[in-house]
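Notes for the one structure printed next.
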Amino acid sequence: MRLSIFFVLQIILLDINLLYVTNCFANQQQSEFQLLERLKTLSLTELGQIEIYLDDTFNIFDALVQEKKTSIATGTQQFSDFVPAVTSVITNQDIEAMGARTLEEVLHSVPGLQIANNWFNIPIYSIRGISSGYNPEVLVLVNGVRINDSFAGSKALFWSTYPISSIEHVEVIRGPNSALYGADAFSGVINIITKSAQDINGTEVGMRIGSNNTKDGWLLHGSKWHDINIAAMIDFSKTDGHQRIVKADAQTAFDHVFATNASLAPHKYGSELTTYNIRFDIEKQHWRWRADFFKSDEMGAGVGSAQAIDPTKPINFERFTTDLTYHNPTVTENLELEARLSYWHGDFAAAWQLYPPNAFDGAYPIGFLGRPAGSENQSQFSLSATYHGLQNHQIRFGAGYAYYDLYKVSELRNFGLNPFTNEILSPLELFDGTDTAAAYMPEVARNNYFIFVQDTWKLSSQWALTAGIRYDYYSDFGSTTNPRLGLVWQPRSDLVVKLLYGQAFRAPSFQELYNQNNPVSQGNPNLKPEEIETWELALDYRVTDRMHLSLNLFRYEIEERIAVVPLNNSVFGYNNAEAWKGQGMEFEARWKTSHYSSLLFNYSYQDSENAAGETLPNASKQVAFLRADYLLGTKWYIDTQLNWNDGWARAANDPRPKLDGYTTMDLTLRRKDNRTGHVNMAIGVKNIFDVDVRYPSPAPSVDSSIVNIPYDLPGADRTYFLELRYKF
């Protein structure tokens, strides 16, 4: 801890008895603790007169209640309390304090956002009870660049997580924002901001080891060469996954029918994963270039893509993204300009064992096998400008173009019909259906043109109105227009009230439009986009400089919801067949309880139902999160977290009772060397009491009453980790 001369002089003026602190400061073994204990006794007024240079260890408490800036709500930097949206910002300090190892562990702290896994081990982000199997309702950005794919509309089809070591902070919008971001900003937007050269400021090496043969390692470097800022990040992660057991699967049900024993259940849930990530960030004046390569290998299949145990670790996925941005805040005195060109490339390949060897009464001796693969390119260009020349107005406008291309579609399988002979394929060999009518999907592409405008009008010293609208045209399903309004009122310096309205859309994915030769669901090229309309009332109240409270009330209606329904002749496919509506509230309290401790608490309630008045399944009505941080001396602090939910309702055709909720507790103890700043180490345990967390497995299909995974999807068991970082 560094002290300035001004600090020492002020301490003498405040209390002559504090002289013993500076006298013993040279004694390393006791000075820091004595100084901290004395600081705990000072009043806020006294502390305000003292110049203290504090590092991250102490700032975790200050940062909890400080106003944070975000650009996710309007495209320009604003304090999050005043933006015309309901937002959360999780800083790098928060991530470190919580001992978060994955993006999913970071997002647990966001009100109204619940994390679960689907049946083949893909994290699902449910915001306000809105989610589905591939999670296309949430738009995920990295530094403002879209990474959702077009194949499933999801955050990349086989999204596993994002390397936590590269994240500077995460911005989250709860609620629609297609007026700014276009497609899939439906229930919310998550923007991951990666570390820049200034954030890293040197070289950091780190490693983490833990339960289930988990190993993580990373290298970060940030420096300045002449007038160029250069950052490079490398991350590696490998885990055998948690050890929870799946007791029965879809093949178990067939075994009952055929009196066989082919099922591999009971079996460990497939959550294995190996990832590699390399990232570069180079900045010079108004220009910035970023590139990111991510690869996941040997990814476990959860309970299997057909809900039958698949132990083969069948999934491989690669993603490369790059963007070049020009940002000039002073093109003229009143004009700010930004242009961005980005490119996204993804390759996926899956070697599914849909059903095990000897499935279907021995008809498939080597198993029911599928080998789908494909590649996707996304090329995007956008140009936006912000004009400040009109009194009390800030006008932002822009336009852009995006091209989405699914190609190199291939498939090997040993089931179905041979398109050339119309005979059943041999179960003993794989048929190559690539570039034939037997392929699971044709190679397709879409064009997207868009234009938007947004005006932030300062009506008075207390009132501001933000109004925006965006028009999108898609070559495969037509056009859509989405407005937003945000009225912000600040009647007092410590109180902000927001009335918000927004519309958004979710674009039909390629598989929803063009699936073919799929026994579960056929594509429908006549689909329309899903639409949502949301009203919100939000209040932010700074009770004191130590306590911040927020409350948000919301109501939404969804039309043209895409679902799998009977089409004709026992064929099932996608159609705009449902309507949903929901309402609820989100409450959050942030309290710096003392100079050395803090609390964060949030509680969310949502009540959503379909057009028949049935409660929507797979979403908890009530969720709560509690985080407590406490400083131990000058080098140690401890973080404790509680996650609670009250369980999940079932679909109307699901015969099982409501799935019970859970309460889990996490604990992280961290040591940071405040004097040198070089060493940072932590030890932690997740799910301390080894609670048997379960996520809802899919309900029976529309033509069946059989539950394929009757005992639901297991979550992680108790895990330990040890982390070490060293900064040069």
Side-chain angles (χ1 to χ4, degrees), residues 118-120 122 124-140 146 148-157 159 176 178 181-188 376 404 406 440-442 444 446 448 472-482 503-534 556-568 571-582 608-612 614 616-619 651-653 696 698-703:
N118 69 5
W119 64 95
F120 58 94
I122 305 299
I124 300 298
Y125 305 158
S126 175
I127 299 179
R128 297 174 176 173
I130 303 172
S131 68
S132 58
Y134 293 96
N135 205 194
E137 301 87 359
V138 178
L139 177 63
V140 179
R146 173 192 180 91
N148 286 52
D149 63 35
S150 295
F151 176 79
S154 66
K155 48 190 182 300
L157 178 60
W159 171 275
S178 285
Y181 294 107
D184 308 333
F186 194 79
S187 66
E376 181 177 338
Y404 306 97
L406 179 67
Y440 68 92
M441 180 179 292
V444 293
R446 66 167 40 143
N448 170 216
D472 283 84
Y473 173 77
Y474 281 81
S475 57
D476 50 0
F477 64 82
S479 63
T480 176
T481 302
N482 294 271
Q503 294 181 11
F505 74 102
R506 181 179 82 77
S509 68
F510 284 161
Q511 71 167 358
E512 290 168 335
L513 290 166
Y514 306 116
N515 250 7
Q516 59 187 24
N517 303 310
N518 188 310
V520 177
S521 56
Q522 296 294 308
N524 178 358
N526 298 315
L527 287 177
K528 295 180 287 187
E530 293 183 358
E531 300 172 350
I532 188 170
E533 183 177 50
T534 301
Y556 63 79
E557 294 185 0
I558 298 174
E559 301 290 342
E560 307 293 353
R561 177 77 179 177
I562 298 173
V564 176
V565 298
L567 295 180
N568 55 70
V571 175
F572 297 86
Y574 295 100
N575 209 348
N576 297 102
E578 294 185 350
W580 290 1
K581 62 180 179 180
S608 50
E609 59 185 34
N610 60 23
E614 300 164 337
L616 294 183
N618 305 336
N653 66 325
S701 62
V702 291
D703 63 336

Grab the two heavy atoms, one from [X] and one from [Y], that are nearest each other, plus how far apart they are.
X    : Y    : value
G182 : D472 : CA-OD1, 4.1 Å
S187 : V138 : OG-CG2, 3.5 Å
L139 : R146 : CD1-NH1, 3.4 Å
L406 : P442 : CD2-O, 4.4 Å
Q511 : Y574 : O-CE1, 3.8 Å
L527 : N575 : CD2-CA, 3.6 Å

Looking at side-chain heavy atoms only, is the closest gap between [X] and [Y] below 4.5 Å?
X    : Y    : result
P136 : R506 : yes
P508 : P529 : yes
Y125 : S131 : no
I558 : I130 : yes
S132 : R561 : yes
F505 : N482 : yes

Do [X] and [Y] sit within salt-bridge range, that is, some charged N less than 4.0 Å from a carboxylate O?
X    : Y    : value
D149 : K155 : no
D476 : R446 : yes
E137 : R128 : no
E557 : K581 : no

S178 side chain to Q503 side chain, donor-acceptor N/O pair below 3.5 angstrom: no

Give, for atom [atom1] of [X] and atom [atom2] of [Y], the distance between the pair rounded to the nearest 0.5 Å.
X    : Y    : atom1 : atom2 : answer
F151 : M441 : CZ    : CE    : 4.5 Å
K528 : E560 : NZ    : CD    : 4.0 Å
N576 : I562 : CG    : CD1   : 5.0 Å
I122 : I124 : CD1   : CD1   : 7.5 Å
F477 : L513 : CZ    : CG    : 8.0 Å
N448 : S479 : CG    : OG    : 11.0 Å

Aromatic plane relationship, F510 with Y514 - under 30° parallel, 30 to 60° tilted, over 60° perpendicular: tilted

Candidate pair Y181 and F186, rule side chain to side chain contact (heavy atoms under 4.5 Å, CB included), full reasoning: CA-CA 10 Å; Y181 294 107; F186 194 79; over 6 Å; no

Expected output: side-chain E512 to main-chain G523 donor-acceptor under 3.5 Å: no

Sidechain-backbone polar pair: D184 side chain, A507 backbone, donor-acceptor under 3.5 Å: yes

